[in-house]
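Naming convention: chains lettered A, B, ... in sequence-line order (proteins, then strands); numbering from 1 in each chain.
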2 protein chains.
Amino acid sequence: MPSAPRPARPTLRDVAAAAGVSKSLVSLALRGDDGVAPGTRDRIVGVADQLGYRPSLTARTLKEGRSMLVGVVISSLDNPYHTEIVASVEDAAERHGQSVVLAHGSRERGRLAERVQQLLDLGVDGLVVVSSWVPDDVLVAAARRAPVVMVGRTARPVSGIDSVNNDDERGAALVVQHLTARGHERIAHVNGSRRPAGLARAAGYRAAMAAAGLSDLARVVPPDPAALAALLDDDVTAVFARNDVEACDVLDHAVDAGLRVPADLAVVGYDDTVLARRVRPALTTVQQQRDVLGARAVALLRERLDGRNDDVHEVLEPRLVVRASA
Amino acid sequence: MPSAPRPARPTLRDVAAAAGVSKSLVSLALRGDDGVAPGTRDRIVGVADQLGYRPSLTARTLKEGRSMLVGVVISSLDNPYHTEIVASVEDAAERHGQSVVLAHGSRERGRLAERVQQLLDLGVDGLVVVSSWVPDDVLVAAARRAPVVMVGRTARPVSGIDSVNNDDERGAALVVQHLTARGHERIAHVNGSRRPAGLARAAGYRAAMAAAGLSDLARVVPPDPAALAALLDDDVTAVFARNDVEACDVLDHAVDAGLRVPADLAVVGYDDTVLARRVRPALTTVQQQRDVLGARAVALLRERLDGRNDDVHEVLEPRLVVRASA
DNA sequence: CTGAAAGCGCTTACAG
DNA sequence: CTGAAAGCGCTTACAG
């Protein structure tokens, strides 16, 4: 069924013509400038409504130099932790009348770099990077064009960009403390990641194990069935995985191997994603303050826009969430 | 550490001045117009590169009337099915040099309506709606401003908007056929949703059960432990949930109740999300062609932009994915 | 092959 | 209290 062709949308000039005043006056009236006579204002607003006038954000952006757009760069949309961060950034942005432009890069450096460029060309007022895969030099270059805040960790501090992340070392320590309090001594850490958050969690694990006088059973491997078998050979009674997704893998393999969790093997994750509540046994895990991460990221962007010029790195306290798996 | 203040980015005028030519010529040269002398072109391109010039998409949008932005409206980011659709739309959009602006609405009608407005004000070239919660009149109004395509179903066809979705009735029939082939006769359908996709799956289930001469065991309830207990009292041997998320709930409650899946109870989901592979036993489910959904949505938008004026509704064939749970 | 001019839809001094 | 003008950074006829 053919529908009516799209009508040209009315502009300020149309409203001005219909109201019999100048464009400037319409602009002033619509923005609520108090130098406009109340009667005139009401009449103009009425005409605008009636015409269905909506200001062009594009024109406004060109004029003002601010787009009210926040770019969000994310490695991939398949890890719930990342999408949950995106949601929290969007909530925070929306509270300030900003919109989120999303770019995901399939965990591929070249593509991520391109997408960053694309967002900058779009004129975003700031960039929230939720991916440790964006090369440092890309971040630095981006920061020359717009404020950049990293949600999570970079390998080393990158000059000119802000960051907000949870304290991964501390989170790992909370896990180890919980497991030792439950009587575990053979506690393995399965973590094949070379990403900054992964390394920090491994470091936190090692430090906590050392502090407890226990042997380091960190394994730099993916959470596959072979890895699990090797751990069992090693009399491991508890596994701390580097995140919820991999903890679920461990859980799956344990079930497949006929183990009871947590009786035969305790399993702990990290991130407290939707997965953690969804699987059985429900996952004991570490909760990053997601909403705070998003809100702070947006706030840091605004501070930069308002002129702050020194780098800020915020670190949030993680919290252990105890469920059935450990 | 204070960093260098953000430098003003170079404009066409800066490049023109540096190259000693007019703005128009720079524009022509950079866009690869063949009416520019090769030597001049190369020189201009060189100067532009060296200055780090990047065209302002905002200015271009204002001039051209196209923003290269695709708006995506999604109910919420917590159902993996929806985020996977967003990823597929973004992939498709990016292949055409378009970016995705994301708006999620927490499954709240008023908020969704606002977000749609916001996207339109931004000047998106089209809107992909991945939410059945956006009121029809909002869709109709939106379609007057930009092409709109619904990924999924509306309660009734909405004039002026395109749609692409999988055949939910057919998907439900595939499930019933699979279960009957496995010898099940007491097959329940747990589906408390009044959304169009939910209703269509229920209808497909009923029709297939009737065709097989089996009693209708549809339950319009949420997948909670009480519902499960009631089903077991009813001698149900297989449960078809309305989607993967709810199938996981059923799985969880079954495990909690000490049942073996699929020996004591077979469980089937819908959507083939990441969850389906993640849980144990892995979920038998129905796969919608996600990548195709996203690609077709973007293609339908482009067709509208290219002048198509009649409504198109595409329906894709679903496919059963058999795993361990049924 | 190149340049001057107009215009996309706004906002903001600047006059009156 | 209101209007005319300039300008944000582009692109596109139109001249030459």
May I have the distance from [X] (atom [atom1]) to [N] (atom [atom2]), rounded to whole angstrom?
| X | N | atom1 | atom2 | result |
| --- | --- | --- | --- | --- |
| B:D33 | C:dC1 | CG | P | 10 Å |
| A:D121 | D:dC10 | CG | C1' | 14 Å |
| B:L62 | C:dA6 | CG | P | 18 Å |
| B:L25 | C:dT2 | CG | C1' | 6 Å |
| A:L57 | C:dG9 | CG | C1' | 11 Å |
| B:D34 | C:dC1 | CG | C1' | 12 Å |
| B:R13 | D:dC10 | CZ | C1' | 11 Å |

Task: Partner of A:V86 by side-chain contact (heavy atoms from CB on, under 4.5 Å), out of A:V73, A:D91, A:L102 - done: A:L102
Open item on the list: A:L28 and side-chain contact (heavy atoms from CB on, under 4.5 Å): which single residue from A:D33, A:T40, A:I44 fits?
Closed with: A:D33
Assign [X] to base, sugar-phosphate, or nothing according to its heavy-atom contacts below 4.0 angstrom with the strands shown.
| X | answer |
| --- | --- |
| A:R41 | nothing |
| A:R66 | nothing |
| B:T40 | sugar-phosphate |

Open item on the list: For a quick check under 3.5 Å, do A:S131 and A:S75 share a side-chain donor-acceptor pair by atom type?
Closed with: yes
Task: Residues A:R115 and B:E90 bridged, charged N to O under 4.0 Å - done: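 A salt bridge is present here (some side-chain N lies under 4.0 Å from a carboxylate O).
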Open item on the list: Less than 4.0 angstrom between a side-chain N/O of A:S22 and OP1 or OP2 of D:dG3, yes or no?
Closed with: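 So the side chain of A:S22 is within the cut-off, an N or O lying under 4.0 Å from OP1 or OP2 of D:dG3.
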Task: Candidate nucleotides C:dG3, D:dC10, C:dT2, ranked by approach to the side chain of B:V21 - the nearest - done: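 Between C:dG3, D:dC10, C:dT2, the one nearest the side chain of B:V21 would be C:dG3.
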Residues which pass salt bridge (charged side-chain N to carboxylate O under 4.0 Å, His left out) with [X], listed by chain and number, not counting sequence neighbours:
| X | value |
| --- | --- |
| B:R145 | B:D121 |
| B:R66 | B:E64 |
| B:R290 | B:E84 |

TODO: For A:D311 and A:R304, work out which heavy atoms get closest and say how close.
DONE: OD1-NH2, 2.9 Å
Task: Consecutive Watson-Crick or G-U pairs in runs of at least 3, all under 3.5 Å, in which DNA chain C is involved - done: C:1-3 with D:14-16, C:5-12 with D:5-12, C:14-16 with D:1-3
TODO: Can you run down the salt bridge (charged side-chain N to carboxylate O under 4.0 Å, His left out) pairs that involve residues 34-45 of chain A, sequence neighbours left out, and say none if there aren't any?
DONE: none
Task: B/S/- contact track for nucleotides 11-16 of chain C, protein heavy atom under 4.0 Å - done: BB----
